[in-house]
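Heads up: the structure comes next, in structure tokens.
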Amino acid sequence: MKWVLWLTVLILLSGAFTVSLAQNNAQVAGKCMTCHKEKSPGLYQQWFMSQHAMHKVTCIDCHGAQKGDKDGFMHEGGFIATLVTPKDCGACHQKEATEVENSYHAHAGEILNSLDAYLAHVAGGEPAAIKGCESCHGGKVQIDPSSPNMLSKKSWPNSGIGRLNPDGSKGSCNACHTRHSFSASQARKPESCSKCHLGPDHPQKEIYEESKHGNAYYSHLNDMNIDSDRWIVGIDYFEAPTCATCHMSATASTAVTHDVGERISWTLRPPVSKHKDNWQTKRADMKTVCLTCHSSTFVDGHYYQFDALVKLYNEKFAKPAGAIMKIVKERKLMENPASFSNEIEWIYWELWHHEGRRARHGAAMMGPDYTWWHGIYDVAHAFYFKLLPEARKFNDPELNAYLDELIKNNPMHEWISTPTGDIKEKIRSGDMQKTYKDLFKQH
């Protein structure tokens with residue numbers, strides 16, 4: 001009977017401790033709200049109007065820290081952390097946090113080891129890398145014990161989507177659900193994505209605005225039911241898709257996901273595009289979104305044309321350009337030793353990283369101007385009149401032999417040494433188009 005008595009005492013003590021802790025948290029939460037309502041009223045009002053406030057989620061619930069947390073510190077009677085990470089959010093939003101952890105977004109901070117960050121540091125400098133790269137991709141948050149909030153000014157504020165957090169988690173939920181309203185409706189809008197997905201190398205914002213999807217969205221924004229708790233395309237709204245519609249949000253047969261790569265079949269980021277692992281399943285998932293508003297014939301036609309454009313870029317430009325650079329590097333033809341200290345490296349970089357990506361993304365998102373004028377047109381100009389002439393300057397026998405073979409015997413390139421009249425006749429007869437027929441073959 002003694003062990004029953006002791007167990008009862010322990011339960012009562014535990015309950016008393018829990019009540020005491022809850023009371024302490026309530027007191028701290030009250031102090032947070034009272035102070036921030038005066039000191040930072042905009043922040044307070046964002047929270048006060050949010051779903052968090054409606055469900056009695058207070059400051060300490062998100063900012064409360066545990067002893068041993070690297071970024072924890074005492075503040076007005078509470079042990080808190082300024083930084084709120086996906087691990088913190090996952091205490092309530094476990095499914096979403098797990099999906100984010102497995103997504104492209106969570107790994108965006110790994111750009112720190114890529115050529116993008118290298119360029120920012122050497123051609124620019126550390127301030128450019130911090131404000132220009134880490135602000136979108138996320139950087140490693142550094143601890144500074146002398147700082148009032150324990151965070152280094154060099155790495156905070158930082159809401160980069162792939163932020164590397166002191167607790168080991170990756171990502172930043174407030175990159176899309178901005179603090180302190182953390183609105184789902186805001187994250188559904190394309191403007192939420194356009195802080196990062198724009199510009200010369202991945203202009204998804206501009207392509208979307210050019211496309212009929214973007215045109216329909218901006219024309220019918222008031223009909224999009226953006227503020228609805230449930231947001232299923234074809235049921236709760238149907239006028240247009242947004243970025244979230246295609247990559248994350250629910251359909252009648254597909255659940256919401258926070259893994260933005262689940263419906264992407266090609267990876268368009270690298271110099272040569274590749275199908276992703278399990279790409280057929282991913283494409284089928286994306287098609288469930290398309291089929292909400294379009295017929296299967298329409299959707300299949302889009303992918304038929306899109307795949308051909310990606311393969312055109314790969315076979316006509318990306319692979320030959322890569323082969324040229326491989327010869328240049330293997331034969332040590334460049335004058336300067338550092339990466340990007342030679343003109344040909346910049347030409348090649350912009351060919352695939354800027355023009356090539358624009359073409360591929362334009363085709364993916366039905367933006368014709370970006371597919372051609374800002375895309376393949378620029379790729380072709382850079383390939384024929386920048387990359388090839390720069391390669392010829394080395395006057396290397398092996399490289400020259402490769403270039404001669406490419407131009408004279410590859411039917412996709414022989415046009416450049418053919419009289420205009422003969423080319424026009426081949427276009428009229430359909431012979432020119434036959435050069436590209438294999439690009440339309442389906443896997």
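Between W47 and Y44, the angle of the ring planes lies from 30° to 60°, which puts this pair in the tilted group. Classified by interplanar angle (parallel below 30°, tilted 30° to 60°, perpendicular above 60°), the ring pair Y377/W372 is perpendicular. Aromatic ring pairs are classed by plane angle as parallel below 30°, tilted from 30° to 60° and perpendicular above 60°; the pair H302 and F306 is parallel. Between F385 and H381, the ring planes lie tilted relative to each other; the angle falls in the 30° to 60° range. Classified by interplanar angle (parallel below 30°, tilted 30° to 60°, perpendicular above 60°), the ring pair F317/F383 is perpendicular.
Under the 4.5 Å side-chain criterion, counting only non-hydrogen atoms from C-beta, Y370 is not in contact with M365. Within the 4.5 Å cutoff, the side chain of D307 has heavy atoms near those of the R283 side chain. Taking the side chain as every heavy atom from C-beta outward, T254 and V289 never approach each other to under 4.5 Å. Contact annotation: the side chain of P86 approaches that of N165 to within less than 4.5 Å [non-hydrogen atoms, C-beta and beyond]. Between K212 and N215, the closest side-chain pair of non-hydrogen atoms falls below 4.5 Å. No side-chain heavy atom of N410 sits under 4.5 Å from any side-chain heavy atom of E405. Two residues are said to be in side-chain contact when any heavy atoms from C-beta on lie closer than 4.5 Å; S194 and E191 meet this criterion. Residues Y208 and H213 form a side-chain contact, since some pair of their non-hydrogen atoms from C-beta on lies under 4.5 Å apart.
Atom-to-atom distance recorded for L439:CG and L312:CG is 6.0 Å, nearest 0.5 angstrom. The distance from the OG1 atom of T242 to the CD1 atom of I226 is 6.0 Å, given to the nearest 0.5 Å.
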Subject >> salt bridge (Lys or Arg N to Asp or Glu O under 4.0 Å) assessment of K170 paired with E110 >> reply: CA-CA 10 Å; K170 296 179 180 180; E110 293 165 7; 2.8 Å; yes
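Listed here is the closest heavy atom pair of R230 and D236: NH2-OD1, 2.7 Å.
More than 12 heavy atoms of other residues, nucleotides or ligands sit less than 6.0 Å from atom NZ of K95. Annotation for Q433: atom CD counts as buried by contact number, over 12 foreign heavy atoms lying within 6.0 Å. Environment of NZ in K282: crowded, with over 12 heavy atoms of neighbouring residues, nucleotides or ligands closer than 6.0 Å. Residue D277 qualifies as open at atom CG: its count of foreign heavy atoms under 6.0 Å is 12 or below.
Checked by atom type, the side-chain pair Y237/S228 shows no donor-acceptor distance below 3.5 Å. Checked by atom type, the side-chain pair S249/R188 shows no donor-acceptor distance below 3.5 Å.
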Listed pairs under 3.5 Å, donor-acceptor, residues 415-423 side chains, sequence neighbours left out:
from : atom 1 : to   : atom 2 : distance (Å)
W415 : NE1    : Y384 : OH     : 3.0
S417 : OG     : E414 : O      : 3.3
T418 : OG1    : E414 : O      : 2.8

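K154 and D144 are not joined by a salt bridge, as no carboxylate oxygen comes within less than 4.0 angstrom of a charged side-chain nitrogen. Comment: E390 does not engage K386 in a salt bridge, judged by the lack of any side-chain N to carboxylate O separation of less than 4.0 angstrom. With respect to the salt-bridge test (charged N to carboxylate O, under 4.0 angstrom), the residues D167 and K87 do not qualify.
Side-chain atoms of S147 do not come within 3.5 Å of backbone N or O of S152 as any donor-acceptor pair.
Remark: aromatic rings of H52 and F182 are close, center separation under 6.0 Å.
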